[in-house]
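Have a look at the structure below before the remarks.
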Amino acid sequence: AIGYSFYRKIFNNSANSTLYREVFQSWNEFTKNTLRICQKIGSNSCLIVYYEDLIKNTEKCLRNIANFLEISWSDSMLNHENYIEKEIVLSDSEWSSSQIKNPIYKQSLNEWSGQIPDEVLEYVNID
């Protein structure tokens with residue numbers, strides 16, 4: 001989440017090819033290090049959740065997370081936005097708090113599409 005916040009701000013503020021390459025390189029390194037840590041501590045202590053899976057298969061993904069955390073499933077997990085400020089308190093210092101108040105939405109999967117210069121996409125080999 002920390003890495004995501006940092007990179008999300010950069011992507012929202014610039015379309016500079018060099019910056020995008022640097023961000024992709026840095027993000028790739030951050031991700032590799034995180035995966036190494038997860039492999040080192042073992043699958044009982046680390047669950048990898050892909051954002052795309054969370055958005056496309058929300059209930060299945062959330063059930064998997066609940067199972068991993070050994071907490072009971074509740075259908076309310078599918079509608080977290082109904083519990084913000086009532087049962088869930090958000091930090092005012094977290095820049096993404098306003099987004100957390102919204103229901104999960106699929107539009108975010110493709111928001112970056114068309115924003116990254118072609119030469120950068122070729123460099124990072126994204127389809």
Side-chain angles (χ1 to χ4, degrees):
I2 294 169
Y4 177 77
S5 296
F6 170 74
Y7 295 106
R8 178 82 175 165
K9 284 184 181 182
I10 290 175
F11 281 132
N12 284 342
N13 293 329
S14 177
N16 179 302
S17 295
T18 304
L19 181 59
Y20 273 111
R21 284 184 188 204
E22 290 172 8
V23 170
F24 277 121
Q25 288 171 337
S26 183
W27 181 258
N28 191 40
E29 208 48 46
F30 172 82
T31 303
K32 283 181 182 178
N33 288 335
T34 302
L35 290 174
R36 276 190 217 114
I37 292 167
C38 284
Q39 289 171 346
K40 192 172 190 173
I41 64 174
S43 61
N44 292 336
S45 300
C46 186
L47 177 68
I48 297 170
V49 178
Y50 294 96
Y51 178 75
E52 292 82 358
D53 292 341
L54 179 63
I55 301 303
K56 291 179 180 178
N57 302 302
T58 305
E59 183 173 346
K60 181 180 177 184
C61 191
L62 289 177
R63 284 182 181 273
N64 189 34
I65 293 169
N67 184 52
F68 177 80
L69 296 173
E70 298 178 349
I71 59 175
S72 299
W73 169 257
S74 170
D75 286 339
S76 64
M77 293 177 186
L78 295 170
N79 302 87
H80 70 280
E81 70 279 3
N82 295 332
Y83 303 92
I84 303 294
E85 306 299 335
K86 297 172 190 161
E87 297 177 35
I88 301 170
V89 179
L90 301 174
S91 169
D92 291 335
S93 63
E94 170 57 41
W95 73 274
S96 64
S97 289
S98 62
Q99 294 176 354
I100 296 168
K101 295 176 184 179
N102 296 322
I104 293 175
Y105 58 100
K106 296 181 189 295
Q107 300 91 319
S108 62
L109 281 178
N110 297 315
E111 280 184 357
W112 62 272
S113 184
Q115 302 299 314
I116 301 171
D118 289 340
E119 65 270 13
V120 175
L121 290 177
E122 290 171 14
Y123 172 77
V124 296
N125 198 22
I126 294 177
D127 297 333

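In terms of the side-chain contact (heavy atoms from CB on, under 4.5 Å) criterion, residue partners of Lys32 (sequence neighbours excluded) are, by chain and number, Asn28, Glu29, Arg36. Scanning for side-chain contact (heavy atoms from CB on, under 4.5 Å) contacts around Ser72 gives an empty result, with sequence neighbours left out. Not counting sequence neighbours, Gln39 has no partner by the side-chain contact (heavy atoms from CB on, under 4.5 Å) test.
Hydrophobic cluster membership for Phe68: Leu47, Val49, Leu54, Leu62, Ile65, Leu69, Ile71, Trp73, Met77, Leu78 (Ile, Leu, Val, Met, Phe, Trp, Tyr linked by side-chain heavy atoms under 4.5 Å, directly or transitively). Here Ile48 is tied into one hydrophobic group with Leu35, Tyr50, each link being a pair of ILVMFWY side chains closer than 4.5 Å.
Aromatic ring centres of Phe30 and Trp27 lie closer together than 6.0 Å.
Annotation: salt bridge (charged side-chain N to carboxylate O under 4.0 Å, His left out) contacts involving residues 50-63, sequence neighbours excluded, comprise Glu59-Arg63.
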